[in-house]
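Here's the structure we're looking at; comments come further down.
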Amino acid sequence: MTEAELRQEITRLARSLFERGYSVGSAGNISAAVADGYLMTPTNSSLGHLDPESLSKLDFEGKHVGGLPPSKELPLHLAFYATRPQCRAVVHLHSTYATALSCLPMDDEDDFLEPITPYLIMRVGRLKYLPYTMPGSPLTGEMIRGLKGRHAAVLLGNHGPVVSGPDIASAVYAAEELEESAKLQMLLRGQSPRHLSTRQIAELRARYGEP
Ligand SMILES: O=C(O)[C@@H](O)C(=O)COP(=O)(O)O
Ligand SMILES: [Zn+2]
C-alpha cells in the first residue's frame with residue numbers, strides 16, 4: 001500500500017469505528033507504519049472526521065515532520081513499534097465495554113478477558129492490564145516497553161484498550177473483537193459462563209499462532 005493509500009485507509013477505518021460508536025468525540029487515536037516513519041491521528045481530532053492530508057507524520061524517532069501535531073499518546077504507540085517487530089499499526093479506543101471492564105477488579109492481570117470464544121484467542125490474544133496513568137504520560141509507554149513485546153493488546157486501567165497489529169485493518173478488527181469480547185464478559189457477569197478449556201486454547205494457538 002502506498003502512503004497515499006494508507007492515509008485513505010486510516011481515514012476510512014477511523015470513520016467506520018466512529019460511526020459504529022467505538023469512539024465518540026475526539027477520543028481515541030490510531031497510527032500506522034510507513035516506509036520512512038509513522039502516520040498518526042492528530043491530537044484532539046475526531047476519528048469520524050479525519051483529513052487524510054492532515055494526518056501527523058513522524059520519523060522513526062517520533063519527531064513530528066509533517067501534518068498536524070500528533071496524538072498525545074505517541075509514546076505509547078512508539079512503545080509497541082519498538083517492542084513488536086511485527087507491529088505496523090496501533091489503535092487506541094475508549095470503547096464502552098472494554099473501558100467499563102478497565103474500571104473493575106481483575107482476576108488475572110496478564111490475561112484480563114475470560115477465554116469464552118475462539119476469535120478472542122485468535123485476534124487479540126492475552127490482554128494485559130496496565131494500572132492507570134495520566135493520558136499522554138510517558139509512563140504508559142515505559143510500561144508497554146517493559147512488556148518486551150509479549151502482548152499485542154493492553155487495557156489501560158480506568159481509560160481504555162490499545163491494540164496493535166501487522167496492518168491497519170487487522171489492528172482495527174482486533175480492537176472490535178476486543179470490544180465485543182468485553183461486552184460478552186459484561187453480559188455474562190455473575191453467570192459462571194463455560195470457558196474454553198486449556199486444551200482448546202492451546203489448539204487455537206497451535207493453529208493460528210498468538211497475535
Ligand atoms: O484519553 C486521552 O486523553 C487520549 O488517550 C485520547 O484518547 C485522545 O487523545 P489525543 O489522541 O491526543 O486526542
Ligand atoms: Zn484515551
Side-chain angles (χ1 to χ4, degrees), residues 6-7 9-34 37-59 62-82 87-104 112-113 124 127-147 151-165 168 171-172 174-179 182-183:
L6 185 57
R7 285 173 180 271
E9 187 69 346
I10 292 170
T11 305
R12 184 183 72 77
L13 288 167
R15 189 187 320 118
S16 166
L17 285 170
F18 182 84
E19 286 174 348
R20 288 176 296 136
Y22 286 93
S23 78
V24 298
S26 60
N29 33 73
I30 295 176
S31 68
V34 287
Y38 307 104
L39 294 172
M40 187 169 215
T41 52
T43 189
N44 294 323
S45 59
S46 164
L47 294 191
H49 304 96
L50 296 172
D51 166 21
E53 301 308 320
S54 306
L55 291 177
S56 312
K57 177 98 184 255
L58 297 311
D59 69 13
K63 185 165 150 260
H64 182 210
V65 293
L68 293 170
S71 166
K72 62 167 118 41
E73 302 293 9
L74 177 60
L76 173 169
H77 288 242
L78 290 177
F80 271 105
Y81 294 113
C87 171
R88 303 286 293 168
V90 178
V91 175
H92 163 54
L93 299 172
H94 297 176
S95 49
T96 310
Y97 286 91
T99 303
L101 278 185
S102 83
C103 305
L104 290 171
F112 189 79
L113 285 174
V124 180
L127 179 67
K128 172 74 181 175
Y129 170 87
L130 294 177
Y132 174 81
T133 46
M134 175 103 110
S137 165
L139 272 179
T140 323
E142 284 170 30
M143 287 195 292
I144 289 168
R145 282 171 197 266
L147 302 177
H151 295 264
V154 302
L155 187 61
L156 307 176
N158 294 72
H159 184 168
V162 189
V163 179
S164 65
I168 181 68
V172 167
E176 294 180 19
E177 179 57 28
L178 194 163
E179 176 62 6
K183 186 174 181 177

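Start at 1 and go down the list; that is how both ligands and their atoms are numbered.
- Closest non-hydrogen pair, Val163 versus Ala175, comes out as CG2-CA, 3.8 Å.
- Formation of a donor-acceptor pair under 3.5 Å by the Ser102 side chain with backbone atoms of Asn158 is found in this model.
- Between the Glu179 side chain and the Tyr97 main chain, a donor and an acceptor come within less than 3.5 Å of each other.
- Contacts between Pro135 and ligand 1 below 4.0 angstrom, taking non-hydrogen atoms only, involve the side chain exclusively.
- Under 4.0 angstrom from ligand 1, the non-hydrogen atoms of Asn29 all belong to its side chain.
- Screening Leu13, Thr11, Leu17 against Arg15 for a side-chain contact (heavy atoms from CB on, under 4.5 Å) leaves a single residue, Thr11.
- Classification of the His49-Phe18 ring pair by plane angle, with boundaries at 30° and 60°, yields perpendicular.
- Residue Ser45 places no N or O, backbone or side chain, under 3.5 Å from any N or O of ligand 1.
- Note that the OG1 atom of Thr99 and the CG atom of Leu155 stand 7.0 Å from one another [nearest 0.5 Å].
- Of all protein heavy atoms, the one closest to atom 3 (O) of ligand 1 is Lys72 NZ, 2.7 Å.
- Distance from atom 11 (O) of ligand 1 to its nearest protein heavy atom, with residue and atom name: Ser71 OG, 2.7 Å.
- Near His159, meaning under 4.0 Å from one of its heavy atoms, ligand 1 places the atoms 1 (O), 2 (C), 5 (O).
- Considering backbone and side-chain N/O of Gly28, one or more are found under 3.5 Å from N/O of ligand 1.
- Taking the Zn ion (ligand 2) as the corner point, the angle from His94 atom NE2 to His159 atom NE2 is about 100° (rounded to 10 degrees).
- Taking a cut-off of under 4.0 Å to the non-hydrogen atoms of His92, the atoms of ligand 1 that pass are 5 (O), 7 (O).
- Scanning the protein heavy atoms around atom 13 (O) of ligand 1, the nearest turns out to be Asn44 N, 2.7 Å.
- For His92, the N, O or S atom closest to the Zn ion (ligand 2) goes by the atom name NE2.
- Tested against Asn29 for a side chain to side chain donor-acceptor pair (under 3.5 Å), the candidates Glu73, His77, Lys72, His92 yield a single pass: His77.
- Of the inter-residue distances, the one linking Ser164 atom OG with Tyr81 atom OH reads 8.5 Å to the nearest 0.5 angstrom.
- Nearest non-hydrogen protein atom to atom 5 (O) of ligand 1 is Glu73 OE2, 2.5 Å.
- The residues Glu142 and Arg145 are annotated as not salt-bridged, no charged nitrogen and carboxylate oxygen being separated by less than 4.0 angstrom.
- Summary of contacts: the protein heavy atom closest to atom 12 (O) of ligand 1 is Thr43 OG1, 2.6 Å.
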